[in-house]
Amino acid sequence: TPSSHRCVASPTKTRSDNQLSGPLPDAWGAMRAVRDLDVANNKVSGGVPPSWDALGKGLQVLRLGRNPGLDCGGMPKGLAKFAGGGGACA
């Protein structure tokens with residue numbers, strides 16, 4: 001599951017193509033130093049946690065696409081710049 005992957009402060013977090021499954025971890029919202037987060041092409045489900053709102057302040061790239069069970073309809077306000085067509089979930 002995504003929560004079993006430990007993340008340390010780093011500007012880039014690539015977790016794409018790792019067969020991650022289950023919900024996106026709330027704790028990842030605390031990764032303030034991350035500028036590029038790629039969780040595309042996995043089996044992530046549920047929605048984007050509200051705790052990820054704070055990521056929007058420094059995040060420049062967010063890739064969540066190709067996760068068939070992921071609902072990006074309730075994207076936190078802080079991540080609004082990544083919502084919509086061609087956005088993070090494309």
Side-chain angles (χ1 to χ4, degrees):
T1 66
S3 59
S4 67
H5 290 267
R6 186 175 171 179
C7 290
V8 294
S10 171
T12 301
K13 287 290 171 219
T14 301
R15 300 288 182 255
S16 63
D17 300 304
N18 280 305
Q19 297 189 15
L20 300 178
S21 62
L24 293 167
D26 286 327
W28 286 8
M31 299 188 304
R32 303 290 194 280
V34 173
R35 300 292 176 250
D36 184 333
L37 180 58
D38 186 351
V39 190
N41 201 27
N42 284 291
K43 297 174 184 166
V44 175
S45 60
V48 179
S51 63
W52 284 33
D53 185 68
L55 286 176
K57 293 177 182 169
L59 201 61
Q60 297 170 359
V61 176
L62 177 62
R63 293 180 190 91
L64 300 172
R66 298 181 312 278
N67 282 291
L70 184 62
D71 175 14
C72 290
M75 191 78 77
K77 288 182 183 180
L79 300 177
K81 64 186 175 186
F82 300 109
C89 291

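To the nearest 0.5 Å, the span separating CE on M75 from CG on L62 amounts to 6.0 Å. Atom CG of residue L55 and atom CH2 of residue W28 lie 10.5 Å apart, to the nearest 0.5 angstrom.
The disulfide (SG to SG under 2.5 Å) contacts involving residues 22-68 comprise nothing, where partners must be two or more places apart or lie in separate chains. Applying the side-chain hydrogen bond (donor to acceptor under 3.5 Å, both in side chains) rule to pairs touching residues 55-64 yields D36-R63, sequence neighbours excluded. Sorted by first and then second residue, the disulfide (SG to SG under 2.5 Å) pairs with a member in residues 29-73 read C72-C89; sequence neighbours excluded. Residue pairs that meet the side-chain hydrogen bond (donor to acceptor under 3.5 Å, both in side chains) test with at least one member in residues 37-46, sequence neighbours left out, are D17-N41.
Counting only heavy atoms from C-beta outward, the side chains of L79 and L59 approach each other to under 4.5 Å. Proximity of V44 to L64: side-chain heavy atoms (C-beta onward) are nowhere separated by under 4.5 Å.
In terms of the side chain to side chain donor-acceptor pair (under 3.5 Å) criterion, N67 has no residue partners (sequence neighbours excluded). D26 pairs by the side-chain contact (heavy atoms from CB on, under 4.5 Å) definition with P49, S51, not counting sequence neighbours.
Minimum interatomic distance between G58 and R35 (heavy atoms only, all atoms of both residues): O-CD, 3.0 Å.
Using a distance-only test at 3.5 Å, with no hydrogens or angles considered, no donor-acceptor pair links the side chain of W52 to the main chain of L24.
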